[in-house]
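Naming: A, B, ... by sequence-line order, numbering from 1 per chain.
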Number of protein chains: 2
Amino acid sequence: MRLVVADCSARYSGRLAAQLPFATRLLVVKADGSVLLHSDGGSYKPLNWMSPPCTLLVHEPSEEQADQGVTQVWTVQHHKSDDRLEIELHAVHHDSAHELGVDPGLIKDGVEAHLQELLAAQIELLGSGYTLVRREYPTAIGPVDILARDAQGGSVAVELKRRGDIDGVEQLTRYLELLNRDPLLAPVRGVFAAQEIKPQARVLATDRGIRCLVLDYDAMRGVDDVESRLF
Amino acid sequence: MRLVVADCSARYSGRLAAQLPFATRLLVVKADGSVLLHSDGGSYKPLNWMSPPCTLLVHEPSEEQADQGVTQVWTVQHHKSDDRLEIELHAVHHDSAHELGVDPGLIKDGVEAHLQELLAAQIELLGSGYTLVRREYPTAIGPVDILARDAQGGSVAVELKRRGDIDGVEQLTRYLELLNRDPLLAPVRGVFAAQEIKPQARVLATDRGIRCLVLDYDAMRGVDDVESRLF
DNA sequence: GATTGGATTTCGTCA
DNA sequence: TGACGAAGTCCAATC
């Protein structure tokens with residue numbers, strides 16, 4: 001990994017065209033050839049970048065560029081597309097290289113997966129007398145998160161989201177349309193369950209006869225902990 | 001901006017819990033307090049990070065940590081949530097600070113906007129005898145990208161995407177449902193136009209009687225250039 | 001300030 | 001390998 005702090009300007013062309021005016025920035029060149037241009041603020045997203053696989057070519061400035069104070073020109077060309085990043089470096093304030101080695105990568109807990117697990121274990125949160133049929137119930141257009149039966153034996157399809165917006169309601173609607181063609185299941189009712197449900201999603205769901213259920217993740221986790229401790 | 005290359009491990013807790021095993025990484029501390037942990041590969045996304053506003057506290061390792069070779073402990077706490085990032089630094093290979101100043105930011109050309117402009121100017125791409133009614137035709141749930149009329153005077157609503165997937169078809173479906181309630185327009189047919197259309201989106205569109213149209217951006221731009229040169 | 005839709009999205013997972 | 005859904009998504013325009 002090479003770290004450069006320099007006054008620079010840049011141009012990107014590929015899926016769009018964009019330019020970065022002259023300023024002091026951090027340039028990171030990774031071992032796989034990818035390049036990041038970071039400013040001293042904003043989020044984790046660089047101002048501009050080139051994803052691997054790509055090649056960095058460093059060359060001399062033209063006479064005209066040199067007259068304007070350019071000392072190096074970096075050209076980063078993507079291998080599989082026309083994406084290209086050109087950086088003009090003026091004053092270089094820092095330049096160092098480091099051996100980092102391979103990273104073992106991030107290990108993370110599930111979120112929606114964990115929520116699904118918890119709701120399956122606490123299916124009575126849907127209502128008294130509910131029973132689980134199965135998680136990831138397969139359909140032609142993909143698996144439904146949870147299929148359950150209510151106290152009267154009626155089928156209930158559950159779509160789970162961390163944040164419930166309009167897309168999730170559309171998704172559940174498609175599943176319901178398909179499931180209701182199955183005479184062994186129909187009629188199938190829908191439940192849209194999420195930690196947070198956006199107002200527009202709630203309106204759309206209600207309009208389509210889909211019940212909305214807000215889940216308290218911490219409470220569900222707490223119950224789960226208590227139950228675990230009992231055994 | 002502070003740049004540190006160090007052997008480290010890290011834990012994140014907040015909207016999820018995650019851990020980073022011991023490895024050599026780049027740590028970037030930005031002027032706004034945000035912290036990025038980068039490996040020597042992958043994309044522009046850091047392995048882990050903390051977004052601003054947040055505060056970095058550097059403190060001494062506990063005796064137990066020191067025994068394991070930890071030389072510094074960084075705690076990054078988000079100001080408005082419980083998000084927290086803890087980094088244990090072992091050997092520090094590099095540590096430098098730099099003044100970058102404020103960045104003017106990225107200036108970019110439009111993409112979907114440009115595509116819309118080009119298609120409006122080359123509306124005959126939809127078919128012989130087509131005429132433009134208007135771009136951004138307003139409806140109660142938002143503007144339709146392009147409204148046109150075919151050679152027979154029938155209304156046609158166009159949804160434009162750079163990459164056409166199922167969401168775009170859903171969006172156009174909602175527009176068509178609404179537009180077809182207007183007796184002055186109905187019947188309104190739909191065209192789903194994109195530089196690339198995903199198979200599932202094509203299936204769904206076709207199933208709903210929506211025509212799919214793949215656009216050649218470069219060719220459209222080329223035609224535009226030629227036309228510009230004529231005037 | 002909340003919401004919505006796009007992104008040079010990136011990143012998994014699964015068929 | 002391609003497609004699809006999720007993301008600690010981020011981000012800007014709009015209401």
- Task: Could you please name the option among C/dT9, D/dA6, D/dT9 that lies closest to any side-chain atom of A/Tyr44?
- Result: D/dT9
- Task: Would you check if there is a donor-acceptor pair between the side chains of B/Ser51 and B/His78 at a distance under 3.5 Å?
- Result: no
- Query: Going by an N to O cut-off under 4.0 Å, is there a salt bridge joining A/Arg135 and A/Asp145?
  - Reply: no
- Message: C/dT10, OP1 or OP2 - any side-chain N/O from A/Trp49 closer than 4.0 Å?
- Response: yes
- State whether a side-chain donor-acceptor pair under 3.5 Å links A/Lys161 with A/Gln171. yes
- Could you check how far NZ of B/Lys45 sits from C1' of C/dA7, rounded to whole Å? 13 Å
- Message: Here's a test of your reading of the structure: between A/Lys80 and B/Leu85, which maps to the more 5' nucleotide of DNA chain D?
- Response: A/Lys80
- Task: Can you tell me the distance, in whole Å, between the CG atom of A/Leu172 and the P atom of D/dG5?
- Result: 13 Å
- Compare the minimum distances between each of D/dC10, C/dG6, C/dT10 and the side chain of B/Ser51, then state the nucleotide with the smallest one. D/dC10
- Nucleotide C/dT10, atom P - distance to NE2 of A/His78 in whole Å: 9 Å
- Want to settle it: does A/Gly42 or B/Asp83 sit nearer the 5' end of DNA chain D, counting the closest nucleotide to each? B/Asp83
- Message: Below the 4.0 Å mark, does D/dA6 have OP1 or OP2 next to a side-chain nitrogen or oxygen of A/Lys161?
- Response: yes
- Query: Once you round it to whole Å, what is the distance between P of D/dT9 and CD of A/Gln195?
  - Reply: 10 Å
- Would you mind classifying the nucleic acid contact of B/Met50 as base, sugar-phosphate or nothing, using non-hydrogen atoms under 4.0 angstrom? base
- Message: Any side-chain to backbone donor/acceptor pair from B/Gln77 onto B/Asp83? Under 3.5 Å, distance only.
- Response: yes
- Verify whether one side chain among A/Arg84 and A/Thr75 offers a donor that lies under 3.5 Å from an acceptor in the other. no
- Message: Nearest whole Å is fine: how far is C/dC11 P from A/Leu106 CG?
- Response: 11 Å
- Could you state the CD-P distance from A/Glu170 to D/dA6, rounded to the nearest angstrom? 14 Å
- Nucleotide C/dT4, atom P - distance to CD of B/Glu136 in whole Å: 18 Å
- Note on the structure: note: B/Leu47, atom CG; C/dC11, atom P; distance rounded to Å ~ 10 Å
- Message: I want to check one thing: is the phosphate of D/dC11, taken as OP1 and OP2, less than 4.0 Å away from some side-chain N or O of A/Ser43?
- Response: yes
